[in-house]
Amino acid sequence: MGSAQRLLLSGDEAVARAALAGGIALGTGYPGTPSTEILETFSALGGKAQWAPNEKVGLEVGLGAAFAGGRALVTMKHVGLNVAADPLFTAAYTGVDAALVVVSADDPGMASSQNEQDNRRYAEAAALPMLEPSDSQEAYGFTLAAIELSERWRMPVLLRLTTRVCHSKTVVSLDGAPPAAPDGAPHFRRDIKGRVMIPANARPAHRRLRAKLAEIARWGETCPLNRVIEGTGKPAGLGIIASGIACVHAREAAPEAAVLKLGLTYPLPLGLIRAFAAAHARTVVVEEGDPYLANAIRAAGVAVESAPEIYRFGELNVGRVRRLLAGDATPEAAPPPGKPPQLCAGCPHGFVFELLRKHGCIVAGDIGCYTLGVLPPHEAMDTCVCMGAGITVGLGMRHVLPPAEARRVVSVIGDSTFVHSGITGLVEMVYNKPPTGHVVLILDNGTTAMTGQQEHPGTGRALDHAPAGKISFEDLARALGIANVRVFDPTRETGALDRALTDALAADDLTVIITRRPCLLAAGKIRQYERAAGACHEQPES
Amino acid sequence: MNSPNHEVVNVVIAGLGGQGVLKASDILADAAFRSGHDVKKAEVHGMSQRGGSIASDVRFGARVLSPMVPEGEADFLLVLSPDQVEPNRHHLRPTGPGRPGGSLITPEAIDPAALPNRRAVNVALLGVLSRRLPIDETAWQDAIRANLPEKLHAVNLQAFALGRATPHP
Ligand SMILES: Cc1ncc(C[n+]2csc(CCOP(=O)(O)OP(=O)(O)O)c2C)c(N)n1
Ligand code: SF4
């Protein structure tokens, strides 16, 4: 005791430290606020970390590693789990040999997201155990616990974080024994019944999954992840049931209350909850987002109070929890408006949006820095739903609009987003070509700017910026059979880009225009990486 | 040292993306940590680098629970951009019975002519704040060194000293 190293860490950094201590053999995932720094830190600490083109690919690669006996960590933001949901649900059936920890970083309040979905619902839907830390110390400890749980029951485990857990810094002491090494070095173990999910194998697999969950539920009744923290008030008074960040808000808002702090939030320790509620005069569930705990607890026949509907929206904080506990459902004052973000002055995206505005385009947009094209002065975006939808929503509009309007529709997508989920959109465009054709603009700024300049397969550099295989968007588009593929520098060749756009909008053809110029904030670093790669290969400088 | 006489010290640092709000809060949190306090720091970074409003909360003391400063409980509000004072004023603790209200610290506290580099105004304001906080001077200096690249050490230590020598109400 006392000898453990103490550090001030963000939740993301703490998960990365635990991944290293816990012997994670492969970290993969796709960037997304607030999860991005986990893999970046893991890599900086010396772990093997890589960006996948999207979350589904990341999860499948992680699953393969875990089948083969290597511990895997897969990270993503909440909406990323929608993309990865397909492998997630069936990975629950197959199970794993070595640990598979899936991080879902939710964003209540939408600091940087398009929705505030509550991914605790995925744990129940996919039938996977879920852990929810409240601070960086627990982010560290629960990551280690997730590795252990995953190997004890041989199934993937969800580690559900939220923005305030990911990005707050709190003191961590790096103690806790790391889990024992997995059984042997990675090796292939044939298990057709366990891993080939044809119906004949999946039916018993589903029964096995439910049996494991029942065991975990029994374990959860006494496991150290769930505990009661006594308050300063009289013993049988106010009881609060909470998990994650809501726990610390609640303890500060109501120091007199006893708090049943749930770290394992699926499956729930219903016996423990029932006994806690019975022991308190008043029991209130304090949770951020959906009434996930409250509904499950009530469905089990335990009477608890829960938050009025207004608290479902946005983040909780100490003030809101005080009001929630007082049953205050009066409308809350909106915080004073701050200054909205903008495209950087001179951003290459800005030149493109100016042209789209001038041409009166109907712009099916997508997600990234360039979504800021919706704000003044450009106001040149008409839709933005989820990654990849820029191309496909544009196609849908082209199919049904009268021709004159259909010809004004263009799709706009960033380079990282294109790799993530735009390629199938191009396939759709070639296969189901709208009568008026279509125009897709790929805004290639050489980085994933939105989330802090991560590499992707189009940059030709790996997560640690070392050279890697590179996907050429123009070759890909041509290979799909798209005849008009043009590349312009939007800043230097604005006139030529303008003329190409005029032609493309008039033609009833398929056009892909790639606007290529580095993000202003990334340009310097990109030059450095290129120089370093050049030096490596001893290529003469041109 | 006239630090507030309740257990946890609450500081909100606000400004616009690119002004060094997060750097300042990192240095403050680290300095408090080095002085042996429990510390929590919260912030929302997402689109902040694109010049939008940004704020970061630092809380320290014997034991900190929520990482976010509760509304109206900031002992100190440090604002790096004049137009961000009004949107953030609500964080400050109002004057209560027997207790002064929270203090607002803005770049006006610093003589721009004496500042070694305009970009270091965030650290200069930490110097002003430091007069009021139970954090050792060496912890501040170590935190500045640990959170900035070496070539910026001299300028920022100088800016900090300038702020620390500046009387503030
Ligand atoms: C499924 C999903 N994963 C991750 C994100 C987070 N995210 C939004 S856009 C984006 C990529 C932006 O990069 P790019 O398309 O290159 O545009 P840029 O920001 O560089 O302009 C990411 C990672 C998300 N919104 N949805
Ligand atoms: S960070 Fe890069 S892509 Fe984003 S607005 Fe600035 S210059 Fe444009």
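Proteins get letters first, then strands, A, B, ... in listed order; numbering begins at 1 in each. The figures that follow rest on heavy atoms only: side chains count, while hydrogens, waters and symmetry mates do not. Only a predicted model underlies this, so the values are computations on that prediction, with no experimental measurement involved.
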Atom pair CG/CG of A/Leu7 and B/Asp30 - distance to nearest 0.5 Å: 10.0 Å
Atom group of A/Leu316 that falls short of 4.5 Å from chain B, counting heavy atoms: backbone
Over 12 foreign heavy atoms within 6.0 Å of CD, A/Glu256: yes
Smallest separation among heavy atoms of B/Asp38 and A/Val171, with atom names: OD1-CG2, 3.8 Å
Chain A contact via B/Arg34 - side chain, backbone, both or neither, heavy atoms under 4.5 Å: neither
Within 6.0 Å of CZ in A/Arg323, more than 12 heavy atoms from elsewhere: yes
Salt-bridge criterion met for B/Asp26 and A/Lys169 (N-O under 4.0 Å): yes
Contacting moiety of B/Arg59, where chain A heavy atoms sit under 4.5 Å: side chain
Which portion of A/Arg6 sits near chain B, non-hydrogen atoms under 4.5 angstrom: both
Side chain A/Ser168, main chain B/Ala42, donor-acceptor under 3.5 Å: no
Interchain contact, A/Pro34 with chain B, by part (heavy-atom threshold 4.5 Å): neither
Contacts of type ring-ring contact (aromatic ring centres under 6.0 Å, His included), residue B/Phe160, not counting sequence neighbours: B/Trp140
SB check A/Glu252 B/Lys40 (cutoff 4.0 Å): no
Heavy-atom check, side chain of A/Val248 versus side chain of B/Pro67, under 4.5 Å: yes
Residues which pass ring-ring contact (aromatic ring centres under 6.0 Å, His included) with B/His37, listed by chain and number, not counting sequence neighbours: B/Phe60
Heavy-atom pair with the smallest gap, counting every atom of A/Arg164 and B/Glu43: NH1-N, 3.8 Å
Chain B contact via A/Leu9 - side chain, backbone, both or neither, heavy atoms under 4.5 Å: neither
Winner by heavy-atom pair count (cut-off under 4.5 Å) against chain A, out of B/Pro87, B/Ser66, B/Gly72: B/Ser66
